[in-house]
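To start, the structure itself, in structure tokens.
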Amino acid sequence: MAVEKHEFVSLLGPSGSGKTTLLRIIAGLERPTQGRVLIDGEDVTDLPPHKRGVAMVFQEFLLFPHRTVYENLAFPLRMLKLPRGEIEARVEWVVGILALRGLEKRYPNQLSGGQQQRVALGRGLVGRPKALLLDEPLANLDRELRQEMEVEIRKHQTDLGIPFIYVTHNQEEALSMSDRIAVVRGGRIEDFASRTAIYDHPRTAFIAQFVGRSNRFTGTAIVTGGKVALDDGDVRIETAARPDIAEGDPLVAHVKNEKVQLRLAADAPAAATNALKATIRYVILRGAYAEYVLGWSGGEIIASRPRSEAEFTQGTEVVCFWNEADIDLYPVTEDGR
Ligand SMILES: Nc1ncnc2c1ncn2[C@@H]1O[C@H](COP(=O)(O)OP(=O)(O)OP(=O)(O)O)[C@@H](O)[C@H]1O
Ligand SMILES: [Mg+2]
């Protein structure tokens, strides 16, 4: 995995997949049993953490409770034995960019969660690292503050022009900030691609399940006349034939919630493929979107529609349908996913 100098990269994966371990290997806190770590072309695998020129921000902010904001920020520089004037100048610099002015004399327990998080970020940046490694730094913040901090962190990364490698199990965080996302699963990188590629064209069924919200169907393949169909008995999901799928193969298909379209059943009978008849069970309002939870003969399906479209009420009989191009289809692999 190679990260470019101006990139914001996320390591996204479920709990226990190895994200923190990989970050600790890059930082020098963990020794790899295989492979090398290169920074700026230099092999740093055998260097201790403080000689690598990278900094790490942890999930638990790890501020010193009995030291002021100023002392917390100055600490890494004192470790580097920098001259006093240089320390003051650098602390002044992070206090400025992270909007901490006026808080220098406070103790961590006199700060809000967001302010504490900014001090932790400042402590990572104060040494002017070649790269910043962040391990779920927003996990302890509430949703609103987290979204504000996402914008702020991305802004700092862009302004500083250094790579940020950001660990999260939260797909929204990864999608909101990253240039590229590495999806980590069971100690392996399952795909490393732009955030739009990861979201729009998930390379594996696992990624389709983990990123975005989608409806999942399973069945066996029917291959005819340039088409492949997944038939699960209740619905037929059909798209262009693929060289990696043969007749009878077990398949899994994902259709993202926002790709499921709705029409009144009275207006149009359900087509035999890529469509099904359903009844609206609940409508969840999500601001600009309405999320329809629908019941059909095969179970439940969710459609997420912009509020600018016609709205449907609970109990309405509808037809759900989707475009061929909006189907993510995968052969089922040995591990059943
Ligand atoms: N020092 C260690 N020795 C042995 N196994 C470890 C060690 N540290 C972590 N592990 C194991 O390695 C796997 C990956 O752990 P890691 O902390 O990297 O996961 P993670 O992706 O960061 O998960 P989370 O989202 O829960 O933080 C886990 O199964 C964990 O139990
Ligand atoms: Mg972790």
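For the single chain, residues carry numbers from 1 onward in sequence order. As the structure lists them, so they are numbered: ligands from 1, and atoms in each ligand from 1.
Counting only heavy atoms from C-beta outward, the side chains of Glu317 and Lys277 never approach each other to under 4.5 Å.
Side-chain atoms of Asp43 and Thr45 include a donor-acceptor pair closer than 3.5 Å. Between the side chains of Glu238 and Thr273, not a single donor N or O lies within less than 3.5 Å of an accepting N or O. For the residue pair Tyr166 and Glu173, a side-chain donor N or O sits within less than 3.5 Å of a side-chain acceptor on the partner.
Heavy-atom separations between Gly13 and ligand 1 are all 4.0 Å or longer.
Nearest to atom 29 (O) of ligand 1 among the protein's heavy atoms is Gly16 O, 3.9 Å. With hydrogens left out, the protein atom closest to atom 25 (O) of ligand 1 is Lys19 NZ, 2.8 Å, a heavy atom. Among protein heavy atoms, the minimum distance from atom 17 (O) of ligand 1 is reached at Thr20 CB, 3.7 Å. The protein heavy atom nearest to atom 26 (O) of ligand 1 is Ser15 OG, 2.5 Å. The closest protein non-hydrogen atom to atom 15 (O) of ligand 1 is Thr21 OG1, 3.7 Å.
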Dump the intermediate steps for salt bridge (charged side-chain N to carboxylate O under 4.0 Å, His left out) on Arg281 and Glu300, then the final yes or no.
CA-CA 9 Å; Arg281 284 199 183 138; Glu300 210 161 68; 2.9 Å; yes
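When distances from atom 31 (O) of ligand 1 to the protein are checked, no heavy atom turns up under 4.0 Å. Put simply, atom 5 (N) of ligand 1 has no protein non-hydrogen atoms near it, under 4.0 Å away. Remark: atom 10 (N) of ligand 1 lies closer than 4.0 Å to no protein heavy atom. For atom 2 (C) of ligand 1, the nearest protein heavy atom lies 4.0 Å or farther away. In this structure, atom 22 (O) of ligand 1 has protein heavy atoms in its sub-4.0 angstrom surroundings.
Pairs of residues two or more places apart, or lying in two chains, that qualify as salt bridge (Lys or Arg N to Asp or Glu O under 4.0 Å) and include a residue from residues 100-117 are Glu92-Arg101.
Annotation: cation-pi pair Arg123/Phe64 present, NZ/CZ under 6.0 Å from the ring centroid and within 45° of its normal. The cationic group of Arg263 lies under 6.0 Å from the six-membered ring centre of Phe321 and within 45° of the ring axis, placing it in a cation-pi geometry.
Near Glu136, the atoms of ligand 1 lying under 4.0 angstrom from a non-hydrogen atom of the residue are 25 (O).
Where the criterion is an N or O separation shorter than 3.5 Å, residue side chain and backbone included, Gly18 meets it with respect to ligand 1.
Looking at every heavy atom in both residues, Trp93 comes nearest to Leu125 through CZ3-O, 3.5 Å.
Here Thr20 meets the criterion, with an N, O or S atom under 2.8 Å of the Mg ion (ligand 2).
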